[in-house]
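Let me begin by presenting the structure, written as structure tokens, before commenting on it.
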Amino acid sequence: MYTFTDRGERSLTLRPEGTAPVVRSFLEHKMYGQALPVKMYYVGPMFRYERPQAGRYRQFYQFGVEAFGSADPALDVEMITMPIHVYRELGLEGFEVHVNSIGCPKCRPQYRELLRRYLEPHKDELCGSCQSRYERNPMRILDCKVASCQALTAEAPLMADHLCDECREHFAGITSYLQELDVAVVHNPRLVRGFDYYTKTVFEIKVPDLGAQDAVGGGGRYDGLVAEMGGPSVPGVGFAVGMERVLLALDKEGAKTLTRPGLDGFVAQFGGESKRHAVALVHKLRQAGLRVDMDYMERSLKAQMKAADRGRVSWVLFLGADELAQGVARVRWMDTGEEESIGLAEAAVYLRTKKEARS
RNA sequence: GUGGGUAUAGCUCAGUAGGUUAGAGCGCCAGGUUGUGGCCCUGGAGGUCGCCGGUUCAAAUCCGGUUACUCACCCCA
């Protein structure tokens, strides 16, 4: 975690994720007294200390959802499908959803021991980090990237085969809901998320094209966390999405979602009196809710047109001496090149109406 | 914390037997059209060659150091 001492000699730590803070908030405000489940979302910056690399920044942005109070597998499914909806909405395609159950305090300890016993004879053959994982968290050996470790665990016992009745039923419930909803997921029995507060369900959404840091979102159930943090025994489930990674993935897929929206229009003027009117007109158009710009560089009309084109505007208003004399402006529609005259007094309403008609 | 790579114009990058005014494409500005965009043509502006030091008559180029960025490992709460 990113911990440092500030000028007041206080030790500060920047939050690395959103779930624990949301749980604290849930407790502080005694939300377990409200109608359950309580659902919350958050959006904001998170921080990590580890060296940055592709898709892993010191400061990054996450949004997430947490739901407290129900152990129903349908709620797990809601948390799994919600980020999927978001990705689809954004136009992301190349992602896969991995789902697994890592058991609960009733069945996981036994399984963990089973795994240890299985690996014990091969302990010396494990890679360096897996040897320490053997002591600390043997389940993480299952998703080690080192080939020799993968070979050693190829036939290892899996949590899926050693879940207690409750966990097995819960996972079966999730599987059947997902099937019913026709949501394609990969049951990945080796998926072990880093957080140890998870119980039963864990899931992760990966974009294989992203490189070493390929998870764009993930989550799981944490039925013991609220109690662990000093609250009543309230189950919870949630997910978080890393926004930069989603952007990277969209960028890689060439998604059109990332294109910057243009302005509505541009007011071109010819200097002198027309500039004074342009300033006033731009102000008026903006007040009408239109996104408008004008030239502030004393540029030629041709240059103003180029600027308008760069801003990908729908229209350009020309304010010249001739127009001003008649109290009108010329409107040029940039896609067709057609022009028309519009009274200065009606311009804002007219253009606003046109905009609404288009969208 | 460990290892590799990179650093030259606003951007993406060329540029070694060390040799004069360091280049291209794109972008930007102007003109070709004395009041009209996209395409095209012409011209222009813009660079401490990351920084410090060394070798040399001469360093973007060679050597040492340093900083930043980057990819991966570690880690992923």
Side-chain angles (χ1 to χ4, degrees), chain A residues 1-3 13-24 46-58 60 62 64 127-133 136-137 139-141 143-147 149 191-198 202 204 206 210-220 222 225 228-229 238 240 242 245 248 262-263 265-275 278 293-295 297-325 328-341:
Chain A
M1 288 190 283
Y2 206 116
T3 300
T13 297
L14 301 173
R15 62 178 178 183
E17 59 126 3
T19 300
V22 171
V23 172
R24 280 188 205 102
M46 307 292 166
F47 304 83
R48 59 160 63 82
Y49 182 74
E50 302 90 77
R51 288 279 282 273
Q53 70 194 64
R56 197 178 76 176
Y57 308 116
R58 276 278 154 67
F60 55 103
Q62 284 191 339
C127 72
S129 47
C130 278
Q131 296 203 9
S132 61
R133 283 174 182 154
R136 269 186 304 134
N137 187 359
M139 284 168 76
R140 284 198 59 91
I141 297 175
D143 67 0
C144 179
K145 290 164 194 132
V146 178
C149 292
L191 176 63
V192 181
R193 300 217 76 209
F195 297 95
D196 51 8
Y197 53 62
Y198 283 124
V202 292
E204 199 162 278
K206 296 168 183 286
L210 274 188
Q213 307 296 329
D214 65 351
V216 293
Y222 44 90
L225 184 60
E228 201 178 301
M229 291 178 67
R245 285 192 191 168
L248 281 176
L263 298 169
F266 192 93
V267 175
Q269 40 81 21
F270 303 79
E273 278 305 296
S274 77
K275 182 169 178 187
D293 204 1
M294 63 175 283
D295 174 63
M297 301 299 286
E298 309 293 332
R299 275 192 258 263
S300 67
L301 187 60
K302 174 179 174 150
Q304 291 184 58
M305 287 301 290
K306 282 187 163 193
D309 201 46
R310 267 199 301 271
R312 297 199 312 284
V313 304
S314 310
W315 45 260
V316 171
L317 277 185
F318 294 97
L319 274 187
D322 298 348
E323 287 81 5
L324 287 175
V328 302
R330 290 292 286 175
V331 186
R332 181 183 179 91
W333 295 94
M334 296 297 269
D335 48 357
T336 61
E338 287 172 36
E339 290 188 18
E340 56 185 318
S341 287

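Side chains included, hydrogens not; waters and symmetry mates left out as well; all remaining heavy atoms used. In what follows, chains are A, B, ... by sequence order, proteins preceding strands, each numbered from 1. Just so it is clear, the structure is predicted and the values come from calculations on it, not from any experiment.
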Assign a letter to each nucleotide of nucleotides 34-41 of chain B from its 5' end: B, base within under 4.0 Å of a protein heavy atom; S, sugar-phosphate only; -, no contact. -BBBB---
Residues in side chain to side chain contact (heavy atoms under 4.5 Å, CB included) with A/Q131, at least two apart? A/L126
Please determine if a side-chain N or O atom of A/R299 lies less than 4.0 Å away from the OP1 or OP2 oxygen of B/A30. no
Does A/R15 have any side chain to side chain contact (heavy atoms under 4.5 Å, CB included) partners at least two apart in sequence or in another chain, and if so, which? A/P45, A/M46
All ring pair (Phe, Tyr, Trp, His ring centres under 6.0 Å) counterparts of A/F47, not counting sequence neighbours: none
Which part of the nucleic acid does A/F47 contact within heavy-atom distance under 4.0 Å: base, sugar-phosphate only, or nothing? base
Nucleotide N/O to protein N/O under 3.5 Å, stretch nucleotides 9-11 of chain B:
none

Contact class for A/R133 vs. all strands (heavy atom < 4.0 Å): base, sugar-phosphate, or nothing? sugar-phosphate
By side chain to side chain contact (heavy atoms under 4.5 Å, CB included), which residues pair with A/L191, not counting sequence neighbours? A/H98, A/N100, A/N188, A/V202, A/E204
Look up atom OH in A/Y2 and atom CD in A/E50, then write down how far apart they are to the nearest 0.5 Å. 11.5 Å
Give one of base, sugar-phosphate or nothing for A/A215, where a contact means two heavy atoms less than 4.0 Å apart. nothing
For A/R330, what residues pass the side-chain hydrogen bond (donor to acceptor under 3.5 Å, both in side chains) criterion, not counting sequence neighbours? A/E339, A/S341
Tell me the stems RNA chain B sits in, counting at least three consecutive Watson-Crick or G-U wobble pairs, each under 3.5 Å on both distances. B:1-7 with B:67-73, B:10-13 with B:23-26, B:28-32 with B:40-44, B:50-54 with B:62-66
Answer yes or no for A/R48 and A/Y57: cation-pi contact, defined as NZ/CZ to six-membered ring centre under 6.0 Å and angle to ring axis within 45°. no
Would you please name every residue forming a side-chain hydrogen bond (donor to acceptor under 3.5 Å, both in side chains) with A/T336, sequence neighbours left out? none
Could I get a table of every N or O pair under 3.5 Å where one atom is in the protein and the other is in nucleotides 3-7 of chain B?
none

Who passes side-chain hydrogen bond (donor to acceptor under 3.5 Å, both in side chains) against A/R299, sequence neighbours left out? A/D295
NZ on A/K206 to CG on A/D214, rounded to 0.5 Å: 4.5 Å
What is the ring orientation for A/F318 with A/F270, classed by angle as parallel under 30°, tilted 30 to 60°, or perpendicular over 60°? tilted
Taking any heavy-atom pair under 4.0 Å as a contact, classify A/R56: base, sugar-phosphate, or nothing. base
With sequence neighbours excluded, what pairs up with A/V192 under the side chain to side chain contact (heavy atoms under 4.5 Å, CB included) test? A/M139, A/R140, A/D143
What does A/A308 touch in the nucleic acid at a heavy-atom separation under 4.0 angstrom: a base, only the sugar-phosphate, or nothing? nothing
